[in-house]
Amino acid sequence: MNKIICLVDGEHYLPVTKSAVLTINDSNHNEVQAIVFIGGTEKLKTENHEEYSKLMGFPVYFGDDYGEIPYDLIEEVIDKYGPDCVMDLSDEPVLDYSKRFKIASCVLSRGLIYEGPDFRFEPPTQAEIPEKPSIKIIGTGKRIGKTAVSTYTSRLIEKNKYNPCVVAMGRGGPEKPELVRGDLMEITPEFLMEQSEKGVHAASDHWEDALMSRVLTIGCRRCGGGLSGEVFMTNMKEGAKIANEQDKDLIIFEGSGAAIPPIKTDKNILLIGANQNLLNIVNFFGPFRIGLSDLVILTMCEEPMVNKEKVQEIIEFISSLKPEINVIPTVFRPKPLKNIEGKNVLFATTAPEAVKDKLVKYLEKEYKCNIVGTTSHLSNRPLLREDIKKYMADADCMLTELKAAAVDVATKEAIESGLEVVYSDNIPIVIDDDSPDIDSTILELVDSAIEDFNK
């Protein structure tokens, strides 16, 4: 039996609304438990709540103001009745698209279905597979630094004796989950070239995790990404089972783009790119992802990608939804895995063109190298090849992130030209002295995840 709560408005004539509710209730395996009146007065002939409930034949709950959507009341009624689905029988002008997505975020965060005449939103799958403490790292989009934060978190956890492994899903992942012993093997440019020549996407997220963090990593694939983070296809559940079998104490599940790992974890870290469209953060399923999270790390928090006012606006919005959550604004800076001091370097990155000069100055100052050329086109093979040809003659070292075409183009052409290849990590650096310390905050979250698991 599907238990249902209906949302109705006063823009429909009451007998029409009642007929619709009865149609739902008379359907096979449906039981309407209660109705929430969410606003509208045009066809509302009685403001007497008891009379309205009596005429409808079901318990009806009213907010205090017919002009405001009673989001809190919807949550209260859901919590009281524990339905399987919230059926929306309202319409414009009471609800517009933004208001519907806000209701959807509320409903999905409770693991319920939100449905209307031509839409149906279901919460992303969250399978209870892990047999040890676990955390998820999810995001609001692509190229905002999930893998960089995942590798940083893995190294931090490993350094503090928590013995983690990583399960990553990517759009270029393997057909069967692939175990990479980043904790035992040396991953060289030549080795990655061999993998690429075998048809492997050797710059996939799990290879980057293994190389940068030096921990055991399990690579998975996924295809498609829904509005709330569900994927069409993934083998990550199988990857989670493999993680259970490893001699590791904690599992980190890494999302892909805005897609959410279909695994229930003890704690969640959310990455938001401050350079993203603000509309996509404060509307649609941005609030849903914030609601899932126990820590938010803002990335790309620097001009010209974003000004201080927008960063503050995002922080205040997150705090309005979850006052208790830590929000840490950061920027990324490159960290070569080998010494590049005194070398003439061609630097390949996926960072936006707008911050390229900042990264060059940082590398030259911190690592005492000479950047002879840069390219921001790691994800565009034709433009990447053009840039490499332009600067190759002046370089003796290729410094590249392990992303996109880093192996099959950047590494390949560098090795063939006799250049040394050095891979570059990206380190999150906190930009606000008043923000919580990122290391201690992550470790506190890990301790909390372990505590939750043991309960």
Side-chain angles (χ1 to χ4, degrees), residues 5 7 36 38 69-80 82-86 88 95 97-115 119-128 134-141 144 146 149 225-231 253-274 276-299 313-329 436 441-442 445 448-449 452:
I5 287 174
L7 308 183
V36 180
I38 62 172
I69 306 303
Y71 299 107
D72 291 344
L73 178 62
I74 295 171
E75 293 180 355
E76 290 172 11
V77 175
I78 288 174
D79 293 341
K80 179 177 181 178
D84 303 300
C85 174
V86 174
D88 192 341
L95 288 184
Y97 302 129
S98 294
K99 292 173 181 176
R100 275 201 159 126
F101 271 103
K102 188 170 181 178
I103 292 174
S105 291
C106 158
V107 174
L108 267 62
S109 68
R110 284 164 166 73
L112 309 178
I113 296 168
Y114 177 50
E115 188 171 355
F119 64 86
R120 178 183 171 93
F121 290 123
E122 298 183 12
T125 301
Q126 295 288 274
E128 296 187 20
S134 59
I135 62 175
K136 272 198 299 286
I137 297 178
I138 62 175
T140 52
I144 60 173
K146 280 182 302 302
V149 170
L227 298 180
S228 66
E230 184 67 277
V231 297
F253 292 94
E254 182 184 319
S256 171
I260 298 174
I263 310 295
K264 185 176 181 180
T265 53
D266 299 296
K267 295 295 178 182
N268 302 318
I269 298 175
L270 173 67
L271 268 66
I272 297 177
Q276 293 179 284
N277 189 326
L278 187 62
L279 181 67
N280 294 332
I281 298 171
V282 304
N283 279 295
F284 310 118
F285 284 119
F288 170 68
R289 287 173 171 81
I290 293 169
L292 293 178
S293 306
D294 302 288
L295 167 64
V296 176
I297 298 176
L298 289 185
T299 63
E313 187 176 354
I314 295 171
I315 293 173
E316 290 175 357
F317 175 74
I318 295 168
S319 297
S320 72
L321 295 181
K322 297 190 78 170
E324 75 282 5
I325 199 168
N326 283 317
V327 183
I328 303 178
T441 303
I442 291 173
L445 189 72
S448 183
D452 285 358

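Looking at residues two or more places apart in sequence or on another chain, you find a side chain to side chain donor-acceptor pair (under 3.5 Å) between E122 and R120. With sequence neighbours excluded, the residues that form a salt bridge (Lys or Arg N to Asp or Glu O under 4.0 Å) with K264 are E128. Residues meeting the side-chain contact (heavy atoms from CB on, under 4.5 Å) test with L321, sequence neighbours left out: P287, I290, F317. N268 is linked by a side chain to side chain donor-acceptor pair (under 3.5 Å) to K136, T265, counting only residues two or more places apart in sequence or in another chain. Residues meeting the side-chain contact (heavy atoms from CB on, under 4.5 Å) test with A259, sequence neighbours left out: M169, R222, V231. Every residue meeting the ring-ring contact (aromatic ring centres under 6.0 Å, His included) condition with F101, not counting sequence neighbours, appears here in chain and number order: F121, F284, F285. With sequence neighbours excluded, no residue satisfies salt bridge (Lys or Arg N to Asp or Glu O under 4.0 Å) with D84. For D452, the side chain to side chain donor-acceptor pair (under 3.5 Å) partners two or more places apart in sequence, or in a different chain, are K267. For T125, the side-chain contact (heavy atoms from CB on, under 4.5 Å) partners at least two apart in sequence or on another chain are E230, K237, P262. Annotation: side chain to side chain donor-acceptor pair (under 3.5 Å) contacts of D294 (sequence neighbours excluded): none. With sequence neighbours left out, the side-chain contact (heavy atoms from CB on, under 4.5 Å) criterion links E75 to D72, C106, R110.
For the atom pair CD1 of I137 and OG of S256, the computed distance is 13.0 Å after rounding to the nearest 0.5 Å. Rounded to the nearest 0.5 angstrom, S319 OG and I314 CD1 are separated by 11.5 Å. Rounding to the nearest 0.5 Å gives a distance of 5.0 Å between OH of Y114 and CZ of R100. Note that CD1 of I328 is 10.5 Å distant from CG of L271, once rounded to the nearest 0.5 Å. In this structure, the separation between CD1 on I103 and CG on L7 is 5.5 Å, given to the nearest 0.5 Å. The distance from atom OG of S228 to atom CZ of R289, rounded to the nearest 0.5 Å, is 7.0 Å.
I442 has its side chain out of reach of L445: every pair of non-hydrogen atoms, C-beta onward, lies at least 4.5 Å apart. For the pair N326 and V296, the minimum side-chain heavy-atom distance is 4.5 Å or more. By the 4.5 Å heavy-atom criterion applied to side chains, I318 and I272 are counted as neighbours. By the 4.5 Å heavy-atom criterion applied to side chains, L270 and L292 are not counted as neighbours.
Minimum interatomic distance between P124 and I260 (heavy atoms only, all atoms of both residues): CG-CD1, 4.4 Å. Considering every non-hydrogen atom in both A449 and I135, the closest pair reads CB-CG2, 3.9 Å. The nearest pair of heavy atoms linking I138 to S293 is CD1-OG, 4.5 Å. Scanning both residues, P83 and L112, for their nearest heavy atoms gives O-CD2, 3.0 Å.
Counting only distance, with no hydrogens or angles, the side chain of T299 and the backbone of I144 share a donor-acceptor pair below 3.5 Å. No side-chain donor-acceptor contact under 3.5 Å links E115 to the backbone of V86.
The one candidate from D79, I5, V36 that meets the side chain to side chain contact (heavy atoms under 4.5 Å, CB included) condition with I74 is V36.
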Quiz item: Between T140 and Q276, is a side-chain contact (heavy atoms from CB on, under 4.5 Å) present by the stated rule, with each step listed?
Solution: CA-CA 9 Å; T140 52; Q276 293 179 284; 2.5 Å; yes

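Crowding of F119 atom CZ: a count of heavy atoms from other residues, nucleotides or ligands under 6.0 Å exceeding 12.
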